[in-house]
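The figures here come from the full heavy-atom set of this structure, side chains too, leaving out hydrogens, waters and symmetry mates.
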Amino acid sequence: MPSRSDSDSLLVRAEGMRDAALDYHGRPADRGATGGWRSALFIIAVEIAERFTFYGVSANLINYLTGPLGQGTAAAAAAINAWNGVAQLLPLLGGALADKWLGRYRTIVIASLLYILGGHKPCVQAFGADQFDQTDPKETVSRSSFFNWWYFGMCAGTAVTLVLLSYVQDNIGWGLGFGIPCAVMAAALAVFLLGTRTYRYYVTAGQGLFARAGEAFAEWRSRRKAGQLVQDSQELDPPAADAPRFSAGVDVEEQAAVRNNGGLVKEAKAIIRLFPIWAACLLYAVAYSQSSTFFTKQAATLDRRIGRHVQVPPAALQSFISVTIVVIIPIYDRVLVPVSRRYSGKPSGITMLQRIGTGMFLSLLSMVIAALVEKHRLRVAGDAGLVDKPKVPVPMSLWWMVPQYVLFGAADVFTMVGLQEFFYDQVPDKLRSLGLALYLSIFGVGSFISSALVSVIDRVTTDRGGSWFSNNLNRGHVDYFYWLLAALSAVELLAYVFFAVTYKYKNRGAVHATVDG
């Protein structure tokens, strides 16, 4: 008759608990030959290409819809927000497939081939972070730094994208401008495959049931056929206080099912406890949505000449966000973190939630400045007699809009990177792709909220005599919309501070650990 220790070992194998890292051949990974920055660089390169592709389509889409397709400003902005919402929510499907069935490596390959799947981004991030061993203190610090440098590389690629592709789309042709990103994704897939033999691989719960089911299933069946039952031997080997208790006659399969259900409940609770932080960041995502819609339409009305012969495409102004990120991230990683670490004693300098909150405050300031700049633009247009001449550039330099882009970039360094690390770190280990998909879903739901807000406000203000989002922005009041978002962001920030202060980290030891020196 099998002992309790025998049955427990079977349950462990049946449940496919997370094993040590494996190499390409399925052997225990050699830390010196696999993983680390060697592997992460391949993955960062893929993410740069992915962002090149995404922003190559989305950044200038407002001008495509209002130009060649002839849509109104409000309708185009609402449509882009809805499209972004779908694009940012689909990773929930991709993340679930990666964590439970396909694995991150396979999901990245499939999603690169079928880019519309949307599961690509969270799997790339999670797979990249997996290349650093959490049990090694040095690699744990490197993993935190990975999120910074991943975002650095992504934004460097985005800056190039916004300048080059927006120029191609505005001056050569939209077909070529939308075709180049497809070629870039094909090249990115080739780069990712080149790193296959250097990666560390992990088997998560669902993958274990599929990948290793043969051996465990055969053993289950042999025990079942033999009629061997697990006896209640609590006196000899008492179970843990929180473990499920089983009576005689309950076989190994049934115990596995019960324990598996218990694991699912724990996973669900771990996800649900993140909801207050998730919800408190939605308006940040709403504000973020404006950078690719109304900011770009504003920029199109300004004097965008640099010198006599160069005219900056309006979508290219978004590159100031990326350039700001590229400048700030090395300063943050190499200066701010070591300095703050010295005073706080925390490996990351400040906690993840403190980092997110700092960015939310900077985003609020960005919306205030955007409202003030738009109010000034309307005044200049009126003084110049250009209110009813929307195609004539307002005598106001594009540099007026740079501060709001720069503040958004600074906000991203704190909030976007903080959110990525938070949702990767605070979900169960085997659901990390899903955790990063939850981070993306903030921007998906935020985009839908932005789309609904724009549609409702446009309808209401049009009925009252003049849309805030008039096709002629010189007769609109986008500044009122920015003030509304600033006010809502202030309320959101207060709610966020409350939830952040009361939040308890999953791994308090890692977050609050002190470092020497």
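Applying the side chain to side chain contact (heavy atoms under 4.5 Å, CB included) rule to Phe414 yields the partners Tyr332, Arg355, Thr358, Leu362; only residues at least two apart in sequence or on another chain are considered. Scored by the side chain to side chain contact (heavy atoms under 4.5 Å, CB included) test, Ala300 finds Pro314 as partners (sequence neighbours excluded). Asn81 pairs by the side chain to side chain donor-acceptor pair (under 3.5 Å) definition with Ser450, not counting sequence neighbours. Residues that satisfy the side chain to side chain donor-acceptor pair (under 3.5 Å) test with Thr66, not counting sequence neighbours, are Lys297. The ring-ring contact (aromatic ring centres under 6.0 Å, His included) check on Phe295 picks up Tyr405, Phe408, Tyr482, with sequence neighbours excluded. Remark: Ile172 pairs with Val168, Leu176 by the side chain to side chain contact (heavy atoms under 4.5 Å, CB included) rule, at least two apart or across chains. Remark: Ser292 engages no residue in a side chain to side chain donor-acceptor pair (under 3.5 Å) (not counting sequence neighbours). Listed by chain and residue number, nothing satisfies the ring-ring contact (aromatic ring centres under 6.0 Å, His included) test with Phe448 (two or more places apart in sequence, or in another chain).
Residues Ile325 and Pro330 share a closest heavy-atom pair of O-CD, 4.4 Å. Here the closest heavy-atom approach between residue Gln290 and residue Val286 is recorded as NE2-O, 2.7 Å. Heavy atoms only, all atoms of each residue included: Val427 and Gly435 are closest at CG1-CA, 3.7 Å. Considering all non-hydrogen atoms of both residues, Val454 and Ala77 come closest at CG1-CB, 4.5 Å.
Side chain of Thr324 to main chain of Ala410: no donor-acceptor pair is present (N/O by atom type, distance under 3.5 Å, no hydrogens or angles). The closest donor-acceptor contact from the side chain of Thr415 to the backbone of Asp412 lies at 3.5 Å or more, if one exists at all. Between the side chain of Arg304 and the main chain of Leu398, no donor-acceptor pair closer than 3.5 Å is present. When atom types are taken as modelled, the side chain of Ser489 and the backbone of Leu485 share a donor-acceptor pair closer than 3.5 angstrom. Under the 3.5 Å distance criterion, the side-chain polar atoms of Glu492 are matched with a main-chain donor or acceptor of Tyr284. Of the possible donor and acceptor atoms, none in the side chain of Ser363 sits under 3.5 Å from a partner among the backbone N and O of Gly359. For the pair Lys506 (side chain) and Pro428 (backbone), a donor-acceptor distance under 3.5 Å is absent. In this structure a side-chain-to-backbone donor-acceptor pair under 3.5 Å is missing from Glu421 to Val417.
From Leu61, atom CG reaches atom CH2 of Trp83 across 6.0 Å, with rounding to the nearest 0.5 Å. Here the CG-CG distance, from Leu364 to Leu493, works out to 6.5 Å after rounding to the nearest 0.5 Å. Of the inter-residue distances, the one linking Phe422 atom CZ with Leu353 atom CG reads 5.0 Å to the nearest 0.5 angstrom. Once rounded to the nearest 0.5 Å, the distance linking CZ of Arg334 with CD1 of Ile329 reads 11.5 Å.
Sorted by first and then second residue, the side-chain hydrogen bond (donor to acceptor under 3.5 Å, both in side chains) pairs with a member in residues 177-190 form an empty list; sequence neighbours excluded.
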Exercise. Mind running side chain to side chain contact (heavy atoms under 4.5 Å, CB included) on Gln404 and Gln298 for me, showing each step along the way?
Key: CA-CA 12 Å; Gln404 65 201 62; Gln298 283 177 275; 4.0 Å; yes
Practice problem: Take Tyr505 and Thr351, measure what side chain to side chain contact (heavy atoms under 4.5 Å, CB included) needs, and give me the verdict at the end. | Solution: CA-CA 10 Å; Tyr505 287 95; Thr351 66; 3.3 Å; yes
Quiz prompt | Intermediate values then yes/no, side chain to side chain contact (heavy atoms under 4.5 Å, CB included), Thr296 and Leu317 | solution = CA-CA 8 Å; Thr296 302; Leu317 267 69; over 6 Å; no
Quiz prompt | Steps toward side chain to side chain contact (heavy atoms under 4.5 Å, CB included) verdict (Tyr439, Met416) | solution = CA-CA 9 Å; Tyr439 141 71; Met416 296 282 271; 3.8 Å; yes
For a quick test of your reading: what N or O donor-acceptor pairs under 3.5 Å do the side chains of residues 273-283 make, sequence neighbours left out?
from   : atom 1 : to     : atom 2 : distance (Å)
Arg273 : NH1    : Tyr503 : OH     : 2.9
Arg273 : NH2    : Lys504 : O      : 2.1
Trp278 : NE1    : Leu438 : O      : 3.3
Trp278 : NE1    : Ser441 : OG     : 2.9

